[in-house]
Amino acid sequence: GETWPEVFSNLQRHLPAIKGQVAAGRDMGVGLRLSAIAAEALSEPEALAEFQAFLERTGLYVFTINGFPYGPFHGVRVKELVYQPDWQYQERLAYTDLLADLLAALLPEDPELDGSISTVPGTFKPVAEGPGVIDEIAANLIRHAAHLVELRAGTGRTIALALEPEPCCLLETIDETVAFFERHLFGKAAVRGLRELTGLSAGEAEAALRRHLGVCYDVCHAAVEFEDAADSLDALRRAGIAVPKLQLSAALKIAEVKPETAAQLRPFDEPVYLHQVIARRGEELTRHLDLPQALETLEASQGAEWRVHFHVPIFFDQLQHFSTTQDFLRQMLALHRQEPIAPHLEVETYTWDVLPVRYRQDGIGPAIARELAWVLDQLRG
């Protein structure tokens, strides 16, 4: 849904049945996705009170918000527009400030439960090449951190913004992400900027930046990038970068590109979302912005492995012609069992209405319940 009435209608329709299957007799956490227009509507006192009453009545609570797509995200062409307005623009800052205000109001009265908001990884990589773009992105992220500092002081609720690395974005790999945080968000200039906005001491400002700014580790994106699960997490920990949210997701994996691969991938070549492709041959990686561009290189790609940014249901390890990156997701959940990676885990399969028909026979509600049950089984070991 894009408007608040659409979103609320869907929540009322699906959540009670899903909860009955995976969390009967106990409260269940909910991750919201709110467009800018939905967030504005929900901020009205009457709408917010109605939603809070629904959550209380049904044993649900909101702990995280997906603040990545600002505008329409379903049923229309999204592609690279999903990153706009990016973090160089005031509209993105105002929207994310509002999401934080809403989340502070929605979090249950549990002092141990903080909130998280996932967001665009700065901008689309080609846009980042413009003059002054990265500096303005960093400045707006620090302005948002100041808002989160003030919100914590006023409400007692701690909320973290989690930038979500994604192929072909400013923050694409974990190495790029660490470098950006160290240079632009945790360095002396960032500390000075937050001090000027909040009046905090240098030590308090640095602690606040690390508390309120972190990474949303999307497992699908990392798998597409051929990241090493343990090494990538170690890199974030060494840099002191928090992971407020771990998004549980899986991608398409073509172990070996063959002549018939083009025909087999056609059902996944749909017009709504961007499906970045990364090809690996030995140690060499080749990046393609979208599936059609990758398919144009099919002859030269024979024998390479492809990872495709197409979120597939996480309970599938095999599809008709391909496998998935579920094995990477299993690794991440095993690592999480050993040492918690993030306080918030969120399943993020948003492609139900564009999946090939054979993979969406169960309907959205039962499929989501099946995904959550699969995760719970993995977490039990």
Side-chain angles (χ1 to χ4, degrees), residues 67-68 80 83 86-89 92-93 96 116-146 148 160-195 202 205-247 276 278 280 283-289 307 309 328 332 335 341-342:
F68 198 121
E80 68 276 10
Y83 312 113
D86 61 30
W87 270 101
Q88 68 179 305
Y89 296 110
R92 172 65 65 173
L93 174 60
T96 313
S116 63
I117 299 171
S118 49
T119 190
V120 172
T123 187
F124 190 40
K125 185 160 274 184
V127 175
E129 297 171 0
V133 170
I134 292 178
D135 288 341
E136 191 57 35
I137 286 170
N140 277 331
L141 287 168
I142 293 164
R143 291 181 186 114
H144 179 65
L148 297 180
L161 182 72
L163 281 75
E164 184 179 330
E166 179 173 319
C168 299
C169 290
L170 172 62
L171 307 186
E172 181 166 9
T173 66
I174 294 300
D175 285 347
E176 287 177 341
T177 301
V178 168
F180 180 83
F181 270 76
E182 290 183 334
R183 180 175 181 181
H184 296 285
L185 300 183
F186 292 166
K188 291 181 179 179
V191 171
R192 184 170 58 251
L194 189 63
R195 291 187 66 191
E206 181 178 356
L209 287 169
R210 293 183 182 275
R211 179 173 57 245
H212 291 297
L213 299 177
V215 166
C216 173
Y217 193 114
D218 187 299
V219 180
C220 167
H221 299 170
V224 171
E225 288 286 346
F226 291 91
E227 297 277 8
D228 179 277
D231 288 351
S232 62
L233 294 174
D234 286 345
L236 292 169
R237 288 178 178 134
R238 286 195 305 272
I241 300 172
V243 182
K245 184 192 292 192
L246 181 66
Q247 280 186 330
Q276 302 94 317
I278 298 184
R280 181 172 69 175
E283 296 300 314
E284 182 181 353
L285 299 182
T286 303
R287 291 174 166 83
H288 305 284
L289 178 60
R307 304 275 180 92
H309 176 217
F328 187 79
M332 294 299 295
L335 290 169
I341 297 168

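Sequence positions, counted from 1, serve as the residue numbers for this chain. Since the model is a prediction, treat every value here as computed from it, not as a measurement.
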J.: Find the distance between CZ (Arg307) and CD1 (Ile278) and round it off to the nearest 0.5 Å.
T.: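 Result: 9.5 Å between the selected atoms.
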J.: In plain terms, say whether Arg238 and Glu182 are close enough for a salt bridge, that is, a side-chain N and a carboxylate O under 4.0 Å apart.
T.: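 So Arg238 does not pair with Glu182 through a salt bridge.
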J.: Salt bridge check: are Glu206 and Arg210 linked by an N-O gap of less than 4.0 Å?
T.: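 Yes.
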J.: Closest heavy-atom contact between Cys168 and Gln276?
T.: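 Closest heavy-atom pair between Cys168 and Gln276: SG-CG, 3.8 Å.
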J.: Take atom CZ of Arg183 as the centre, draw a 6.0 Å sphere, and report whether it contains more than 12 heavy atoms from other residues, nucleotides or ligands.
T.: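 Counting other residues, nucleotides and ligands, CZ of Arg183 stays at 12 neighbours or fewer.
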J.: Ignoring hydrogens, what is the shortest heavy-atom contact between Pro121 and Cys169? Give both atom names and the distance.
T.: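 Reported closest heavy-atom pair: CG-CB, 3.5 Å.
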J.: Which heavy atom of Leu163 sits nearest a heavy atom of Val120, and at what distance?
T.: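 Shortest heavy-atom contact: CG-O, 4.1 Å.
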J.: Counting C-beta onward and ignoring hydrogens, is there a side-chain heavy-atom pair between Phe180 and Leu170 closer than 4.5 Å?
T.: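 Sidechains of Leu170 and Phe180: in contact.
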J.: Is the Trp87 ring parallel, tilted or perpendicular to the His144 ring (thresholds 30°, 60°)?
T.: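 Correct class here is tilted.
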J.: Could you give the distance from OG1 (Thr177) to CD (Glu172), rounded to the nearest 0.5 Å?
T.: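 So the gap between those two atoms works out to 9.0 Å.
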J.: Could you measure the distance from the CD1 atom of Ile174 to the CG atom of Asp234? Nearest 0.5 Å is fine.
T.: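 Answer for the CD1-CG pair, Ile174 versus Asp234, is 11.5 Å.
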J.: State the CG-CG distance between Leu141 and Leu194, to the nearest 0.5 angstrom.
T.: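 These two atoms lie 12.0 Å from each other.
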J.: When rounded to the nearest 0.5 angstrom, what is the spacing between NZ in Lys125 and CG in Leu289?
T.: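 Rounded to the nearest 0.5 Å, the NZ-CG separation comes to 12.0 Å.
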J.: Please verify the inter-ring angle class for Phe124 with Tyr83; under 30° counts as parallel, over 60° as perpendicular, anything in between as tilted.
T.: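 Parallel.
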J.: Apply the side chain to side chain contact (heavy atoms under 4.5 Å, CB included) test between Tyr217 and each candidate in Gln247, Met332, Glu164, Lys245; give the one that qualifies.
T.: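 Single side chain to side chain contact (heavy atoms under 4.5 Å, CB included) partner of Tyr217 among Gln247, Met332, Glu164, Lys245: Met332.
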